[in-house]
Asker: 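This structure is in structure tokens; I'll ask about it shortly.
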Amino acid sequence: MPRKEILERIQKYVHPFRVTSGKGFRLKDFDAADTCGLKMDKDEAAELLARGSEWLAEEQDMLYAQDRWSLLLVFQAMDAAGKDGTIKHVMSRVNPQGCEVTSFKQPSAEELSHDFLWRYAKAVPARGRIGIFNRSYYEEVLVVRVHQQLLNLQKLPREYVSKKIWDERLDDIAHFEDYLTRQGVIILKFFLNLSHEEQKKRFMKRLDDPDRNWKFSPSDVRERRYWEDYQHAFEEAIRATATKRAPWYVVPADNKWFTRLVVAAAIVEVVEGLDLAYPKLDPKMKQELVAARAELDAES
């Protein structure tokens with residue numbers, strides 16, 4: 001099937017979940033179990049995902065060679081939504097030398113001594129590379145907003161800790177992303193939209209299966225108690241930072257196979273739109289290649 005036709009088909013499974021303006025955005029308008037009417041078995045889904053991953057690998061090679069753009073993929077979600085699995089499957093064909101995953105855990109003492117964007121800015125991918133943030137600077141307006149005692153650890157001057165701080169931080173994030181996009185960083189942000197009921201099912205599977213026990217932490221249940229607070233925080237974050245240059249994708253996460261397909265399709269669509277190509281050699285370089293070939297041919 002020609003690439004143009006494939007791109008036209010995948011738009012059906014990407015555009016309904018892409019948010020480029022936060023005006024009027026409501027999280028409840030997005031169904032966590034939506035599959036856009038697409039029905040397929042696991043083998044079919046795996047084959048389609050593999051094709052998307054291979055396509056992405058081809059584009060990555062040109063992205064690296066062209067050395068002009070970089071790609072930043074941001075993943076945010078509630079626990080058990082499938083961030084790790086999505087990253088693993090979607091990026092399975094990508095050359096690891098040109099891709100780096102950064103998982104942001106509890107900040108260190110050094111990180112707490114800097115501004116809240118410092119540790120994230122250091123991890124922004126260089127030109128020609130793909131960077132993946134497994135959780136990101138959005139944690140500063142999500143978990144810190146839900147657990148506001150964490151602000152005390154950031155040692156901010158008291159006059160700057162007010163009711164306006166979340167709006168101010170969201171403004172800072174929006175400006176930060178706008179700056180990055182003007183430097184050639186393509187930003188795609190994925191919120192894996194998991195339902196409350198599906199999260200419970202996945203937690204129970206982890207508890208019931210000894211081989212999955214290691215995935216479960218008592219803190220998962222504690223954070224679940226704040227579900228509505230997190231939903232509000234996510235909604236506010238998306239509403240304040242969704243732009244054409246740095247869109248959000250509110251991806252249904254109750255069906256893992258569909259989650260992965262949407263993420264892969266979104267990345268392929270955007271990267272394909274960059275019209276990437278291998279660099280063309282100037283006449284001088286071509287002459288040097290001719291000379292190199294002649295020297296190699298002359299070897300006994």
Side-chain angles (χ1 to χ4, degrees), residues 1 6-19 25-56 73-94 101 132-136 138 142 188-209 211-212 215-216 220-221 223-224 227-228 230-231 234-235 237-238 242 247-270:
M1 184 184 298
I6 294 174
L7 284 171
E8 290 175 351
R9 289 185 64 182
I10 66 176
Q11 287 177 354
K12 175 183 176 181
Y13 305 111
V14 173
H15 291 193
F17 311 113
R18 184 170 63 192
V19 182
F25 173 78
R26 299 186 307 174
L27 195 52
K28 68 179 182 180
D29 292 336
F30 291 79
D31 182 2
D34 193 1
T35 61
C36 290
L38 185 63
K39 296 180 180 179
M40 60 176 63
D41 59 33
K42 289 185 178 181
D43 290 339
E44 289 177 305
E47 181 181 353
L48 190 56
L49 181 60
R51 290 173 62 186
S53 297
E54 289 171 2
W55 191 346
L56 180 58
L73 309 176
V74 174
F75 287 87
Q76 294 288 161
M78 295 294 287
D79 294 320
K83 295 191 308 301
D84 293 350
T86 299
I87 293 169
K88 174 184 176 181
H89 286 83
V90 172
M91 310 304 289
S92 61
R93 302 294 200 280
V94 169
V101 180
I132 300 171
F133 284 3
N134 188 344
R135 300 191 187 276
S136 68
Y138 281 97
L142 295 170
L188 304 181
K189 301 171 293 190
F190 299 97
F191 170 56
L192 305 191
N193 184 26
L194 185 71
S195 69
H196 194 250
E197 296 77 14
E198 182 64 21
Q199 186 193 55
K200 179 180 178 180
K201 291 179 182 177
R202 295 184 185 181
F203 281 167
M204 293 301 290
K205 284 184 179 180
R206 292 179 180 182
L207 290 170
D208 293 339
D209 185 351
D211 292 336
R212 295 187 181 186
K215 286 187 173 185
F216 188 83
D220 294 340
V221 174
E223 289 301 285
R224 182 175 164 83
W227 180 273
E228 292 302 327
Y230 274 111
Q231 297 300 294
F234 275 117
E235 185 172 86
I238 295 171
W248 275 100
Y249 294 84
V250 182
V251 184
D254 280 10
N255 297 286
K256 292 181 181 180
W257 64 270
F258 189 71
T259 303
R260 295 163 184 172
L261 287 179
V262 171
V263 171
I267 299 170
V268 166
E269 181 186 34
V270 170

Asker: Which residues pass the salt bridge (Lys or Arg N to Asp or Glu O under 4.0 Å) test with Glu235, sequence neighbours left out?
Answerer: Arg239
Asker: To check you understand the geometry: which heavy-atom pair defines the closest contact between Ala253 and Ala81, and what is its length?
Answerer: CB-O, 3.9 Å
Asker: For Asp211, which residues count as a side-chain hydrogen bond (donor to acceptor under 3.5 Å, both in side chains) partner, sequence neighbours excluded?
Answerer: none
Asker: Please name all residues satisfying salt bridge (Lys or Arg N to Asp or Glu O under 4.0 Å) with Arg93, sequence neighbours left out, ordered by chain then number.
Answerer: Glu54
Asker: For Leu73 and Ile267, which heavy atoms make the closest approach, and how far apart are they?
Answerer: CD1-CD1, 3.6 Å
Asker: Working to the nearest 0.5 angstrom, can you tell me the gap between Ser195 OG and Arg202 CZ?
Answerer: 8.0 Å
Asker: Once ring-ring contact (aromatic ring centres under 6.0 Å, His included) is applied, do any residues pair with Phe216, and if so which ones, sequence neighbours excluded?
Answerer: Phe203
Asker: Would you please name every residue forming a side-chain hydrogen bond (donor to acceptor under 3.5 Å, both in side chains) with Ser136, sequence neighbours left out?
Answerer: Gln76
Asker: Can you list everything that forms a side-chain contact (heavy atoms from CB on, under 4.5 Å) with Pro252? Sequence neighbours excluded, please.
Answerer: Phe17, Asp34, Phe258
Asker: Please name all residues satisfying ring-ring contact (aromatic ring centres under 6.0 Å, His included) with His196, sequence neighbours left out, ordered by chain then number.
Answerer: Trp227
Asker: Kindly write out the residues that satisfy side-chain hydrogen bond (donor to acceptor under 3.5 Å, both in side chains) with Ser92, not counting sequence neighbours, or none if the list is empty.
Answerer: none
Asker: May I ask you to decide if Trp257's main-chain N or O and Asn255's side chain share a donor-acceptor pair within less than 3.5 Å?
Answerer: no
Asker: Any idea which heavy atoms bring Pro247 and Arg18 closest together, and the distance?
Answerer: CB-CG, 3.9 Å
Asker: Supply the atom-to-atom distance Ile238 CD1 to Asn193 CG, rounded to the nearest 0.5 angstrom.
Answerer: 8.0 Å
Asker: Mind listing the closest non-hydrogen atom pair of Val14 and Val262 along with its distance?
Answerer: CG2-O, 4.1 Å
Asker: Tell me, please, which residues at least two apart from Gln199 pass side-chain hydrogen bond (donor to acceptor under 3.5 Å, both in side chains).
Answerer: Arg224
Asker: Filter on salt bridge (charged side-chain N to carboxylate O under 4.0 Å, His left out), then keep only pairs touching residues 73-84, sequence neighbours left out; what's left?
Answerer: Asp79-Arg135
Asker: Restricting to ring-ring contact (aromatic ring centres under 6.0 Å, His included), what partner residues turn up for Phe234, sequence neighbours left out?
Answerer: Phe191
Asker: Any idea which heavy atoms bring Arg260 and Val90 closest together, and the distance?
Answerer: O-CG2, 3.6 Å
Asker: Going by an N to O cut-off under 4.0 Å, is there a salt bridge joining Glu197 and Lys201?
Answerer: no
Asker: To the nearest 0.5 angstrom, please state how far the CG atom of Asp31 sits from the CG atom of Asp254.
Answerer: 7.5 Å
Asker: What's the shortest heavy-atom distance between Val19 and Ala242, and which atoms?
Answerer: O-CB, 3.5 Å
Asker: If the condition is ring-ring contact (aromatic ring centres under 6.0 Å, His included), which residues does Phe190 pass it with, not counting sequence neighbours?
Answerer: Phe75, Tyr249
Asker: Let's go through Met91 and Val101 carefully: what are the C-alpha distance in whole Å and the side-chain angles of both, what is the deciding distance for side chain to side chain contact (heavy atoms under 4.5 Å, CB included) to 0.1 Å, and is it a yes or a no?
Answerer: CA-CA 10 Å; Met91 310 304 289; Val101 180; over 6 Å; no
